[in-house]
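Below, all heavy atoms of this structure are taken into account, side chains as well, without hydrogens, waters or symmetry copies. Position 1 is the first residue of the sequence; numbering continues from there. Just so you know, ligand 1 is whichever comes first in the structure, and atom 1 is the first atom listed for that ligand.
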Amino acid sequence: MKTYSRLVLFALFARFISGTSAAQDLPAAADLISNYKLHERSIKVVEPHQTSKSRYSYVEYAAVPMDELLFRMFGNEWQSADSQIVFFAKDGYRSAISSAKLTKYRAYLAFARSDTQAFTVDNIEHDQKGIELGPYYLIWANLGVEELITHGAYDWPYQVTRIELQRKNSQDKLRPQNTSEATRIGMLDTEKYCLNCHSIRGIGGQKYPLDLIEASCRWQENALKEWIEAPSVIKPGTVMPALNRMLASEEREQAITHIVNYLSALKNEQPSPCANK
Ligand code: HEC
């Protein structure tokens, strides 16, 4: 039997035993490319971890197209509206990215740099140098795509070892009981800037164990704004990044206000999520 048809059978079987979610451990790059019949590309990006508003850094990575990989792994299902793809990192952290975003923009799974340099990156936000990116690093073809560049390093998970398709990215769970236009914008901003790492009612990433509503219960609104604005001022050495510094400052302030108002709306629901917190 050809490797490919064996794979298809395996994928069907995996889906059968795993019900509504499917997870795939990623093999070494050479195997990934041959098992899934992918073609290696050289993708030049504005490297967001090393880029600030005033200085752009360009890096070229060796990578495979994410959409082709997702089709081979999960079939058409990965594109259904309610899906999210969860990227598991070596240290057990998870980042969640909506299928809608992966469909709208070109993403690639990188496994090396195209030049001979080490597969590492500097993180100017955290003042860290030589962070290992392997085995896999999710990158986006962001050259000339302004909205991707201004979105900074969000949705660029590194040290990825495993990918999972989940079908529960339903916004119903994220919607407050009394939804105004302002809380609706706050919900979208929270998804964009917080839920790749945090989760609310089971939706999102898991870089922090507590549900984001419960975590917010411990914070007054103004203090929470300051935390989102500059976490390392409040807790030096924290790995939580400040909210996207690529945004214009007014836009950034508005996003912070919307997020805090949205979290307050959820905190104030009955029964109170803050009881005993
Ligand atoms: C890149 C991942 C990441 C993103 C994005 C992120 N956080 Fe965090 N957050 C963390 C981590 C990690 C911690 C634990 C930090 C620590 O203890 O040093 C944390 C901690 C927190 C805490 C708890 C602080 C405490 O100890 O009580 C709150 C509240 C919080 N984040 C809110 C937010 C909000 C709101 C957003 C979106 C604007 C956000 N975070 C975006 C990773 C992230």
Engineer: Should T238 be counted as touching ligand 1, given the test is an N or O pair under 3.5 Å?
Structural biologist: yes
Engineer: Enumerate the atoms of ligand 1 whose separation from the nearest heavy atom of K235 is less than 4.0 angstrom.
Structural biologist: 16 (C), 17 (O), 18 (O)
Engineer: May I ask you to identify the nearest protein heavy atom to atom 30 (C) of ligand 1, giving residue, atom name and distance to one decimal place in Å?
Structural biologist: W227 NE1, 3.3 Å
Engineer: If the cut-off is 2.8 Å, does any N/O/S atom of M240 fall short of it from atom 8 (Fe) of ligand 1?
Structural biologist: yes
Engineer: Is there a polar contact, in the sense of an N or O pair closer than 3.5 Å, between K207 and ligand 1?
Structural biologist: no
Engineer: Looking only at atom types and distance, does a side-chain atom of R162 sit under 3.5 Å from a main-chain N or O of A23, one as donor and one as acceptor?
Structural biologist: no
Engineer: Taking all atoms of both residues into account, what is the closest heavy-atom pair of M246 and G152, and its distance?
Structural biologist: CG-CA, 4.1 Å
Engineer: Can you say whether the rings of W78 and F71 are parallel (under 30°), tilted (30 to 60°) or perpendicular (over 60°)?
Structural biologist: perpendicular
Engineer: Could you tell me which atoms of ligand 1, counted from 1 in the order shown, lie closer than 4.0 angstrom to a heavy atom of I228?
Structural biologist: 35 (C), 38 (C)
Engineer: For C194 and L212, work out which heavy atoms get closest and say how close.
Structural biologist: CB-CD2, 4.0 Å
Engineer: Check this for me - ligand 1, N196, N or O atoms closer than 3.5 angstrom, yes or no?
Structural biologist: no
Engineer: Near V239, which atoms of ligand 1 are under 4.0 Å from a heavy atom of that residue?
Structural biologist: 12 (C)
Engineer: Considering both backbone and side-chain atoms of R218, is one of its nitrogen or oxygen atoms within less than 3.5 Å of a nitrogen or oxygen in ligand 1?
Structural biologist: yes
Engineer: Could you tell me if the side chain of F87 sits less than 4.5 Å from the side chain of Y136, heavy atoms only?
Structural biologist: no
Engineer: What residue and atom, counting heavy atoms only, is the protein's closest point to atom 7 (N) of ligand 1, and at what distance?
Structural biologist: H198 NE2, 2.8 Å
Engineer: If the cut-off is 4.0 Å to any non-hydrogen atom of L212, which atoms of ligand 1 fall inside it?
Structural biologist: 30 (C), 32 (C), 33 (C)
Engineer: For E147, give me all partners under side-chain hydrogen bond (donor to acceptor under 3.5 Å, both in side chains), at least two apart in sequence or on another chain.
Structural biologist: Y105
Engineer: For the side chain of S42 and the backbone of A62, is there at least one donor-acceptor N/O pair under 3.5 Å apart?
Structural biologist: no
Engineer: Give the numbers and elements of all ligand 1 atoms closer than 4.0 Å to a heavy atom of L243.
Structural biologist: 38 (C)
Engineer: Heavy atoms only: give me the nearest L247-L243 pair and the separation to one decimal.
Structural biologist: CD1-CD2, 4.1 Å
Engineer: Among all the protein's non-hydrogen atoms, which is closest to atom 5 (C) of ligand 1, and how far away is it?
Structural biologist: Y193 O, 3.4 Å
Engineer: Are a donor atom and an acceptor atom from the side chains of Q79 and E77 found within less than 3.5 Å of each other?
Structural biologist: no
Engineer: What residues form a salt bridge (charged side-chain N to carboxylate O under 4.0 Å, His left out) with E125, not counting sequence neighbours?
Structural biologist: R245
Engineer: Quick one: look at P241 and ligand 1, take heavy-atom pairs under 4.0 Å, and tell me if it's side chain, backbone, both or neither.
Structural biologist: side chain
Engineer: Give the residue, atom name and distance (to 0.1 Å) of the protein heavy atom nearest atom 14 (C) of ligand 1.
Structural biologist: Y208 CD1, 3.3 Å
Engineer: Would you call the rings of H151 and Y193 parallel, tilted or perpendicular if under 30° counts as parallel and over 60° as perpendicular?
Structural biologist: tilted
Engineer: Would you say W219 and ligand 1 have an N/O pair spaced under 3.5 Å apart?
Structural biologist: yes
Engineer: Shortest non-hydrogen contact from L148 to A141?
Structural biologist: CD1-O, 3.8 Å
Engineer: Look at atom 37 (C) of ligand 1 and say which protein heavy atom is nearest, naming residue and atom and giving the distance to 0.1 Å.
Structural biologist: C194 SG, 1.8 Å
Engineer: May I ask you to list the atoms of ligand 1 that are less than 4.0 angstrom from any heavy atom of L224?
Structural biologist: 29 (C)
Engineer: Are any N, O or S atoms from C197 nearer to atom 8 (Fe) of ligand 1 than 2.8 Å?
Structural biologist: no
